[in-house]
Protein chains: 2
Amino acid sequence: MSLRVQKSRTDTADRMLDLAESLVQTRGFNGFSYADIASELGVTKATLHYHFPTKAELGLRLIGRYTDVFTSALAEIDDRGDDAPHRLSAYVDIYTAVLHKQRMCLCGMLAADYATLPPPMKIALTQFFETNETWLVDVLEQGRSAGKLRFSGDPVEVARLLVSSLEGAMLVARTFGDTERFRSIAARLLNDLSPLASGQIERKPDNPAK
Amino acid sequence: MSLRVQKSRTDTADRMLDLAESLVQTRGFNGFSYADIASELGVTKATLHYHFPTKAELGLRLIGRYTDVFTSALAEIDDRGDDAPHRLSAYVDIYTAVLHKQRMCLCGMLAADYATLPPPMKIALTQFFETNETWLVDVLEQGRSAGKLRFSGDPVEVARLLVSSLEGAMLVARTFGDTERFRSIAARLLNDLSPLASGQIERKPDNPAK
DNA sequence: GTCTATAACGAGATAGAC
DNA sequence: GTCTATCTCGTTATAGAC
């Protein structure tokens with residue numbers, strides 16, 4: 001009888017994280033304050049400190065949650081059982097969804113703030129990128145073995161190229177407020193990995209209207 | 001008789017800009033303060049404000065000087081009269097030199113801070129990227145016409161891919177403190193534009209070189 | 001779990017003497 | 001051109017009441 005739903009599905013701490021995440025993704029870790037979150041949520045800064053005693057802990061929680069969500073998304077892609085090209089395309093879609101919210105990848109943004117981050121955040125941040133690269137290496141190796149992807153040399157290098165280029169493309173596209181910039185770059189990156197892509201076609205993306 | 005050298009070649013304002021530039025490139029525009037520069041230079045904050053009344057003006061001057069230096073470097077490349085592949089390689093070298101100083105590209109860093117920048121800085125920032133892209137488009141068109149570069153579609157798209165990817169590669173490489181990451185990515189980007197680069201290393205075509 | 005209140009400090013910026 | 005001194009505000013963080 002005393003059993004009840006403890007909190008609404010998005011409880012206070014989650015809403016705080018949601019807002020903090022959005023702020024970091026748009027303004028950077030040094031571009032927001034506890035006051036920003038508190039006022040937007042209609043609580044005091046002290047309440048924020050109750051849930052996240054220091055900004056360093058808040059930041060660490062942000063990276064942890066973001067990595068978890070990202071990892072889940074990768075697992076979901078794997079579950080679909082698609083071939084490598086489709087998996088890469090789905091991978092790009094994760095970035096696209098973030099950019100469409102006018103945001104930068106949380107960890108790409110934190111990479112810019114790297115020098116100013118507390119050590120625990122630095123460690124968690126590199127782990128995010130390593131997780132991404134590991135997953136991509138797996139996709140790339142499978143794809144090449146199956147003849148569905150074509151690239152030379154170490155898959156690790158290609159994985160790093162993809163992560164870096166997608167992060168950079170988000171960064172610059174956001175500056176121009178132009179998601180099309182990102183789209184065309186991502187399409188080229190994927191196209192260059194296609195066995196058919198040898199520069200032979202003049203250009204035939206899934207772009208209908210001009 | 002009253003004629004004399006007005007200031008040492010690197011005068012006060014220049015040294016302030018040098019330090020500010022370094023700070024922005026490593027910590028971001030919101031990651032440093034006037035106090036950081038003043039203490040390092042052994043002057044007071046008031047002195048800084050004499051030369052750069054507001055942080056917004058300081059930032060604007062930073063972008064202006066950085067763009068000028070960058071533009072000069074591009075002009076110098078043009079003067080060498082090399083072919084397109086060599087010009088692209090020299091372009092990458094500019095980025096490499098910055099990264100070797102453990103720094104991020106000033107404008108790549110500011111792109112992350114974009115949402116928090118004063119409007120004049122935003123405008124100057126986009127101009128930097130546009131200047132880069134314009135120069136690259138020219139190189140790409142020449143190179144393709146001369147049969148020295150191979151790529152499909154609009155050179156503008158390739159230029160955007162290059163700028164974005166190089167910026168992203170710097171960003172992530174700096175996080176890992178690993179310049180080799182950048183080097184291998186840049187090499188791949190350039191290699192993909194080479195007429196000989198068709199994944200020949202791993203493939204079986206009638207390709208001579210290995 | 002949230003509040004009021006406040007500490008302790010750093011930020012950007014200005015006034016005015018030298 | 002550089003200084004001292006100061007202002008005002010924002011920042012992270014804590015103490016203690018409710």
Side-chain angles (χ1 to χ4, degrees), chain A residues 2 4-24 26-63 110 113 115-122, chain B residues 2 4-24 26-63 110 113 115-122:
Chain A
S2 61
R4 72 188 193 289
V5 176
Q6 271 299 93
K7 304 177 192 308
S8 66
R9 205 54 266 124
T10 57
D11 68 1
T12 308
D14 280 338
R15 270 180 296 143
M16 290 171 176
L17 285 173
D18 288 342
L19 237 169
E21 182 179 83
S22 171
L23 285 166
V24 173
T26 50
R27 304 175 56 90
F29 194 68
N30 298 316
F32 81 101
S33 72
Y34 270 38
D36 295 328
I37 303 173
S39 71
E40 180 77 20
L41 251 53
V43 298
T44 63
K45 292 183 290 175
T47 301
L48 255 183
H49 279 285
Y50 168 81
H51 292 279
F52 308 98
T54 68
K55 202 181 180 184
E57 293 178 57
L58 170 60
L60 195 58
R61 290 276 300 274
L62 283 179
I63 300 177
L110 292 176
D113 298 324
T116 71
L117 298 181
M121 286 183 70
K122 291 189 178 184
Chain B
S2 62
R4 71 189 192 287
V5 176
Q6 270 301 91
K7 304 178 193 306
S8 66
R9 206 51 266 125
T10 56
D11 69 0
T12 309
D14 280 339
R15 271 180 295 141
M16 289 170 175
L17 285 173
D18 288 341
L19 236 169
E21 181 179 84
S22 171
L23 285 166
V24 173
T26 51
R27 303 175 57 90
F29 194 68
N30 299 315
F32 81 101
S33 71
Y34 270 39
D36 295 328
I37 303 172
S39 72
E40 180 76 21
L41 251 50
V43 297
T44 63
K45 290 187 293 175
T47 301
L48 256 181
H49 278 285
Y50 169 79
H51 292 279
F52 308 98
T54 67
K55 201 181 181 184
E57 294 179 54
L58 171 60
L60 195 57
R61 292 276 299 274
L62 283 179
I63 301 177
L110 291 175
D113 298 324
T116 70
L117 298 182
M121 286 184 69
K122 290 188 179 185

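Residue numbering restarts at 1 for every chain, and letters A, B, ... go by the order of the sequence lines.
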Exercise for the section: Establish, with yes or no, whether the OP1 or OP2 oxygen of D:dT11 is under 4.0 angstrom from a side-chain nitrogen or oxygen of A:S33. Expected result: yes
Exercise for the section: Ignoring backbone atoms, establish whether A:T12 has a side-chain N or O less than 4.0 Å from OP1 or OP2 of C:dT2. Expected result: yes
Practice task
Using a 4.0 Å heavy-atom cut-off across all strands, classify B:T44 as base, sugar-phosphate, or nothing.
Solution key: base
Completion exercise
note: B:L58, atom CG; C:dA13, atom P; distance rounded to Å ~ 10 Å
Practice task
Nearest whole angstrom, please: distance from the P of D:dT11 to the CD1 of A:I37.
Solution key: 11 Å
Exercise for the section: Report yes if the side chains of A:L62 and A:L110 come closer than 4.5 Å at any heavy-atom pair, otherwise no. Expected result: no
Practice task
Could you state the atom-to-atom distance from CG of A:N30 to C1' of D:dG10 in whole Å?
Solution key: 14 Å
Practice task
Rounded to the nearest angstrom, tell me the gap between atom OH in B:Y34 and atom C1' in C:dC9.
Solution key: 20 Å
Exercise for the section: Would you please confirm or rule out a distance under 4.0 Å between OP1 or OP2 of C:dG1 and any side-chain N or O of A:Y50? Expected result: yes
Practice task
Starting at atom CG of B:L48, determine the distance to atom C1' of C:dG12, rounded to an integer number of angstrom.
Solution key: 11 Å
Practice task
Give the rounded distance in Å between these two atoms: NE2 of A:H51 and P of D:dA13.
Solution key: 16 Å
Problem - For A:F29 against A:K55, the heavy-atom pair lying closest together - result: O-NZ, 2.8 Å
Handout entry: Short side-chain N/O contact to D:dT12 OP1/OP2 from A:T54, under 4.0 Å
Key = no
Completion exercise
So CE of B:M16 and OG1 of B:T12: to nearest 0.5 Å the spacing works out to 6.0 Å
Problem - Minimum heavy-atom distance B:H51-B:A13, with the two atoms named - result: ND1-CB, 4.0 Å
Completion exercise
Whichever of B:K45 and B:G42 has the more 5' nearest nucleotide on DNA chain D, that residue is B:G42
Exercise for the section: Rounded to the nearest angstrom, tell me the gap between atom NZ in A:K55 and atom C1' in D:dT14. Expected result: 18 Å
Exercise for the section: Would you indicate what B:F32 reaches in the nucleic acid, counting non-hydrogen atoms under 4.0 angstrom: base, sugar-phosphate, or nothing? Expected result: sugar-phosphate
Handout entry: Residue-phosphate contact under 4.0 Å: B:T47 side-chain N/O, D:dC3 OP1/OP2
Key = yes
Practice task
Take atom CD of B:E57 and atom P of C:dG12, then tell me their distance rounded to the nearest Å.
Solution key: 14 Å
Exercise for the section: Report yes if the side chains of B:L58 and B:L17 come closer than 4.5 Å at any heavy-atom pair, otherwise no. Expected result: yes
Handout entry: Minimum-distance nucleotide to A:A46 side chain [options: D:dA15, D:dA5, D:dT2]
Key = D:dA15
Handout entry: side-chain N/O B:H49 vs D:dG1 OP1/OP2, d < 4.0 Å
Key = no
